Structures are given as structure tokens and as C-alpha cells.
4 protein chains.
Amino acid sequence: MAGSVNKVILIGNLGADPEIRRTQDGRPIANLRIATSETWRDRNSGERKEKTEWHSVVIFNEGLCKVAEQYLKKGATVYIEGQLQTRKWQDQTGNDRYSTEIVLQGFNSTLTMLGGRGEGGGASRGGNDFGGGGYDDYGSAPSAPSRSGGASSGRGASAPSGGFSRDLDDDIPF
Amino acid sequence: MAGSVNKVILIGNLGADPEIRRTQDGRPIANLRIATSETWRDRNSGERKEKTEWHSVVIFNEGLCKVAEQYLKKGATVYIEGQLQTRKWQDQTGNDRYSTEIVLQGFNSTLTMLGGRGEGGGASRGGNDFGGGGYDDYGSAPSAPSRSGGASSGRGASAPSGGFSRDLDDDIPF
Amino acid sequence: MAGSVNKVILIGNLGADPEIRRTQDGRPIANLRIATSETWRDRNSGERKEKTEWHSVVIFNEGLCKVAEQYLKKGATVYIEGQLQTRKWQDQTGNDRYSTEIVLQGFNSTLTMLGGRGEGGGASRGGNDFGGGGYDDYGSAPSAPSRSGGASSGRGASAPSGGFSRDLDDDIPF
Amino acid sequence: MAGSVNKVILIGNLGADPEIRRTQDGRPIANLRIATSETWRDRNSGERKEKTEWHSVVIFNEGLCKVAEQYLKKGATVYIEGQLQTRKWQDQTGNDRYSTEIVLQGFNSTLTMLGGRGEGGGASRGGNDFGGGGYDDYGSAPSAPSRSGGASSGRGASAPSGGFSRDLDDDIPF
DNA sequence: TTTT
DNA sequence: TTTT
């Protein structure tokens, strides 16, 4: 296909802490549930309306998984840039089912914290409860699209302590 | 929510002619199937790989429906800008099912023809088989995201029964 | 041109309070200075680097101008979606000069507050010091991009003298 | 800054062949002039209006420079994703001048051919005059932001002959 | 299940 | 001139 683009941009809040799993060969996969919502005023009744949309985000990129694991919590506001992917699976009765997810994997994927409430951690200002800097715009390098795998990973109690680097190409402004 | 963004940008090709339905009160709804694909060269084998993703696009905006009806054909390349929406419905056995679609409705939705193959219509160069100009970037005006209501739809017994309303400015291309 | 897209997406902070001017016929124009910055770690020295980029944003949309005027302050974090426009003007010596701005005008323009510091106003949480709801994602309806015309502007003698017209739907948040 | 985004998305046509220069240490830099245009119908007169905007694009990414050099010609339609950067320089009289460019460099930069007219090369359908596939969505790996340098580079007569690979991370779908 |  |  002569030039194809598949891009999703979301700003929303996490409905729950990230779930981190790990593939058999050790690569992390993070799942996020992100809510976006719209509000408007009904033309007739004049009353305020709201509609919330829930999005499933899957992070295959190792660096972004680390960010998710260490800094993201229920309630956090994030900017994400990824792509749409519909996955086929079978339910218990063997019927085909489809799930559409926003996948962060490879170049052109981004995950950026924007603050927001966040839980735990004693966040004072609203979620940016991490130290130093250097965490903006985590670019992502490609990673294997594995989706098998198992190991559970309870989120550690680890208090985030800023300062880390992208897993690739650290030394360039862009 | 203090600032929420839900945006999808696609450039891809139509897998089939648009399907146009109409609500009981006469408003059009267009459904598009759009393919995006990625190609890459396998690092180990060196062979060329390709992966195609299919997207369901639903157009509630009247002006954009007209564009779809009049100009879009199987094979056409389009740029679209819309938002993600997951719809719940029941299958024949009464089980909950979910379908995620890209919705073009209200402001910040865009549909632009980019040429491409296109079938029928005698399109010579690739689909731009329409006259004058003034068709670029059909913007859309605000609308209420309601999706309840009445009219039946040809999308199978288990598909949600259409019917919805729009608030405002449906038919202004510009 | 068969399908053209001109889109800018920024998340950044205001370097100063918005400047609001008004055309002779009373329409508001808001100017924002927005900083985006990137941080990275130098591959060799290991030291943290930062680069800030400053953007000039011009808001012609009446509804978005109100938002800017009422809610935005120096330090606020915003999401904006607009388009690039390069404006020609003459400096004091009569030489041609060009300024590139991000224009919010017409459909597909968005301004959303994302919180952030913000000054004054007694903002407790960080800038969202406004009342009710219904203010997210102020979309804008189509308009003519004319920029000729009359009213003087406070932007210096060589700045283009404001005055412009809008076609439609200036003040509809949704 | 807690999360900053600086993104430009353009679909437009090249006003001229790409200009390729080379830094002293041999890295290529490509400059593109891209036109986007909007058309609308004047509300009062009913006549069709058009406005064209010209954009300066600078490509620091080596892989994308190759694509530009080999495949892009005056008239070609491209999708680009980059970021805004304003560069300061001095004119002959020593006055400060500023130029705003769209920079493609590092992750999250994209250059995709979408067809279009194109000159020379005997392009039949409109510019996609290259063979196989494998050219979609050229992701970019970071490169040095050098902007010095000199050597001119006349565009070779090389007829593009499809099939090439990204300069990084070839073996992953995303 | 988030956020306002 | 912002923000971290």
C-alpha cells in the first residue's frame, strides 16, 4: 500500500494501576485502561452531558513498560501515541472474538505523563511524584510483538525516583 | 475530566465501496472498511513482511456521508480523522459483544480523498473522478454523541439497531 | 490540491498570560506563547540536556478566545490543535519579514486545559480554577481564512494590522 | 516540563525537487518545500476560494534523506510527521532573523510517499514510479542535529527502484 | 474503572 | 517567557 498511516492520540486518565505481565523470554508487556471523556451542553434541555470512552492500551516497548510500571498509577493523566490493532481470539465456546487495542510498540509510539491525580505515593501536586527530570516524551524503540507469556507482576511498592533514560538513542534532542 | 483527547488518524484504502444506510428520520450513516498496512524487512531472514490492519469507520456527519457516497469507492485512498468508540451489542445468544469503531462526527472529524485506485466510475488517475474543487478537508460541526434510538440497520440481526440524532450543523462542508 | 492536511499538535506551557486584542468590529484575537521542551541524556557525557522551543499561537475562534481569556494564565499547561500559517510583514526598513504561527481558527482547532501551574487567581490545584463543566475540547466550526482588513493591533507598527472575518459558528463550544 | 508534545502533520505536495546537502562529516540533510492548500466557498459571493500555505521541511534523519533523494520529486504528495523548530540567524546587515521549520529527526518522525504528480521518471499513475513495496512509513532514528556543512548534492538521475529498508529496527511490524 |  |  502506497503510504499508510495508523495513529491514535489519547489524553486521558488511568482507570486502574497498569498491569504488567512478562513474556516467557522476559520481555515486559503493560496494559493500561484509559478513560477519555467529552462534555457538552444539550441544545434543548440545556443540561450538561458527559460521555466516557474506555480504551485498552498495550505497551510492548520495554522502555515505556518501565515508565508505566514505575510512574503510572490509577488516576494518572497520560498522553499516548500508538496505533490501532484488532486482535482475534476465541472465547470459551470457541467462537471468534475481536478486541481492538491501542498498541505502543516501535517508533512513533509515545507515552508521556501529564500529571493528574494518581494514588498512593503521597503525591502532593497531583501525580508527578517523581524526582529529577529527563522523563519527557519517552520515545520507543521497536520490540518484539510477543503477546504470549505469563508471569504475573504485582506492582512494586517502589517509589518512583526520577531520572532514567530511553532505551535507545539517548543522546539526541529529538 | 480536565482535558481529554481521543483522536485517530488513518491513511489507508477502502476494502469495499462505502455502505450507506439511512435513519428513520432520513439522516445518512456511512460505513467504511479501511486497510492500513505496514511493511518491513525481517532482520534475520531478510524477507519482506507485510501486515494489514482493518478498521471500521462510521460517519455520522451528513456532509462527510455525501462525500463518501459520491466520491469514495473500493480502493480509494483516504485520510480520515475521527475518534475511537466502542459499542456494545448482543449476539444471537444474548452475549455481550463489543466493537470498536472510528467515528466521524462533530468537529475535529475529517475525511479527505487522497486518490488511489478506485474502481468503476471510469476514474482514470485514481479516484479523483469528481468535478470542481472545494472538496478538501470536509470539516464537521459539533454534534451530540447520542446513539440511542430507532431505525433498523442492515448490519445483521445482532448489530445494534441504528437511530441517533445530531444536534447541529450536519451538512456544512465548510 | 486533492487532499491536503496542515495540523499542529502541541502540549506545552504558557510563558506569559494570553494577550487579548480586539478587532474594530469587536471580534477577539488571542495570542499565546507556548513552550515545549525536550530532555535527553547525552550519550557521551551522560549529562542531562534540555532544549526548549517557543511557539506563537493565534486564536481567531471566538469561543476559544474566551477560554484563553478566562482560564489561561502564565504557566498553564495546554493541549492545542491548530494549523501552521506563515505571515508576511514589513519591518521598519521596509524589508519583508515572515512569521510562522499556529493558528486556531475554524473546525479542527482545539484548545484544552491540562492543568499546570498557572499564576494568580488562587488556583488551588494548578490552574483549573474555573467553575462548572462543559469546557473540554472547544471545537470550532469552519471559517474563512481571510486575514486582510482593518482593525489596528497592538503588536508593533510593522505587525500586520488585524481585522478579519469569520464565517460561522464562532462561539459554539460543542 | 511534565510532558511536552511538539508535533506537525502535513499532507501536501513538493513545490520543487528536494535539496540535499551534506554536513562536513558526511551526514545528509534534505530540504523540502511543501504546499498545503485549503479551499472553501465564500458564504456571501458563493465563489470558490483557495489558500496555499508553504512549509519548509528539514530532514536530518539519514534514512529519510535517502528516501527524499531517491523517490521524491517536485509535485509528489507526501505525508510527513515532524516537529516545529524556529532557527535564529543573521541577515546581511547583522539583524536577527527567525525561520520556522518542520524538522524530521529522531523517533516520531515520518515521511511517507502518497503518490501525486511528480516530474520526470516517466511516472505513469502519478509518482509511485517505484517497484515493489516496503517503503511505507519510514520511521526515523535519531541523528545528529548538525546544521552546518556544505557540500552540494545534485539529485542523481537514479531511477528509483523500490525495495529498501529503514535504517533501524527493520524486523518489527511496528 | 478514571477525571471534571 | 513556561515547565521539570
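No hydrogens, no waters, no symmetry mates; every other heavy atom, side chains included, goes into these values. By convention in this document, chain letters (A, B, ...) are assigned in the order of the sequence lines, proteins followed by strands, and residues within each chain are numbered from 1. Computed from a predicted model, the values in this text were never measured in an experiment.
Taking only side-chain atoms of A/N13, from C-beta outward, the nucleotide of F/dT2, E/dT1, E/dT3 with the closest atom is E/dT3. Distances were taken from every side-chain heavy atom of A/K74 (C-beta onward) to each of F/dT1, E/dT2, F/dT3; the shortest belongs to E/dT2. Nearest to the side-chain atoms of A/A35 among the listed nucleotides F/dT1, F/dT3, E/dT2 stands E/dT2. Comparing E/dT4, F/dT1, F/dT3 by their nearest atom to the side chain of A/R48 picks out E/dT4. Checking E/dT3, F/dT2, F/dT1 against the side-chain heavy atoms of A/E50 singles out E/dT3 as nearest.
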- Task: Could you go through the salt bridge (Lys or Arg N to Asp or Glu O under 4.0 Å) check for A/D17 and A/K74 one step at a time?
- Result: CA-CA 4 Å; A/D17 287 351; A/K74 179 179 174 179; over 6 Å; no
- Task: Using the side chain to side chain contact (heavy atoms under 4.5 Å, CB included) rule, take A/E38 and A/T52 through it: C-alpha gap first, then chi angles, then the decisive distance, then the call.
- Result: CA-CA 7 Å; A/E38 303 174 80; A/T52 295; over 6 Å; no
- Message: D/Q90 vs D/N95, test: side chain to side chain donor-acceptor pair (under 3.5 Å). Steps then yes/no.
- Response: CA-CA 5 Å; D/Q90 273 79 32; D/N95 291 319; over 6 Å; no
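Closest non-hydrogen pair, A/I59 versus A/C65, comes out as O-SG, 3.2 Å.
F/dT2 atom P lies 16 Å from atom CG of C/L72, rounded to whole Å. The CE atom of A/M113 sits 17 Å away from the P atom of E/dT2 (whole-angstrom rounding). As a whole-Å value, the separation of C/H55 NE2 from F/dT1 C1' is 13 Å. Going from atom NZ of B/K88 over to atom P of E/dT1 covers 13 Å, rounded to whole Å. One interatomic measurement links the two molecules: CG of A/L114 to C1' of F/dT4, which rounds to 13 Å at whole-angstrom precision. Rounded to an integer number of Å, the gap from OH of D/Y98 to P of F/dT1 is 12 Å. In this structure, the CG atom of C/L10 is 17 Å from the P atom of F/dT3, given to the nearest Å. Between the P atom of E/dT3 and the CG atom of A/D17 lies a distance of 11 Å, rounded to the nearest Å.
A donor atom on one side chain and an acceptor atom on the other are not found under 3.5 Å apart for A/E53 and A/T36.
With hydrogens and angles ignored, a donor-acceptor pair closer than 3.5 Å exists between the side chain of C/T52 and the base of F/dT2. Between the base of F/dT3 and the side chain of D/S4 there is no donor-acceptor pair shorter than 3.5 Å.
An aromatic stack links A/W54 and the base of E/dT1, using centre distance under 5.5 Å and interplanar angle under 30°.
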